[in-house]
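Notes follow the structure.
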Amino acid sequence: DDREAFLEKVKSLLNLDEKELAPIINQMSNQQLIRLYNGGGSLHKEKLLRSLEPERAAAIMTEIML
């Protein structure tokens with residue numbers, strides 16, 4: 001299934017700790033981050049949001065909630 005294939009591709013990224021993850025995901029577009037958020041499990045979603053600047057996390061959540 002597409003979700004499993006996507007998760008397999010991004011597993012190494014999402015397995016990084018927050019300090020390692022933050023500089024990488026802060027270079028990604030909001031659309032890419034939304035795709036990561038929607039594709040991940042709840043632990044990955046939390047890690048993703050914790051790794052972002054608060055303003056960026058708020059913008060991502062605003063998009064997701066539309």
Can you name the closest pair of heavy atoms from [X] and [Y] and give their distance?
X     : Y     : answer
Ser29 : Gln32 : N-OE1, 2.8 Å
Leu48 : Leu33 : CD2-O, 3.7 Å
Ala22 : Ser51 : CB-O, 3.2 Å
His44 : Asn15 : NE2-OD1, 4.3 Å
Lys19 : Pro23 : O-CD, 3.2 Å

Run the numbers on Met28 and Leu36 for side-chain contact (heavy atoms from CB on, under 4.5 Å), then give the verdict. CA-CA 10 Å; Met28 297 172 77; Leu36 265 181; 3.8 Å; yes
Can you confirm whether Asp17 is buried at CG, in the sense that more than 12 heavy atoms of other residues, nucleotides or ligands lie under 6.0 Å from that atom? yes
Counting neighbours of CZ on Arg35 that are heavy atoms of other residues, nucleotides or ligands and sit closer than 6.0 Å, is the number greater than 12? no
Separation of Leu13 CG from Glu20 CD (nearest 0.5 Å): 10.5 Å
What distance separates Ile60 CD1 from Tyr37 OH, expressed to the nearest 0.5 Å? 10.5 Å
Can you list the steps and then say if Leu14 with Lys45 is a side-chain contact (heavy atoms from CB on, under 4.5 Å)? CA-CA 9 Å; Leu14 294 173; Lys45 290 177 181 182; over 6 Å; no
Taking Arg56 as the fixed residue, which of Ile25, Asn26, Leu49 is the one that meets the side chain to side chain contact (heavy atoms under 4.5 Å, CB included) rule? Asn26
The test is side-chain contact (heavy atoms from CB on, under 4.5 Å); show your working for Glu63 and Asn30 and say whether it passes. CA-CA 9 Å; Glu63 282 288 316; Asn30 283 3; 5.6 Å; no
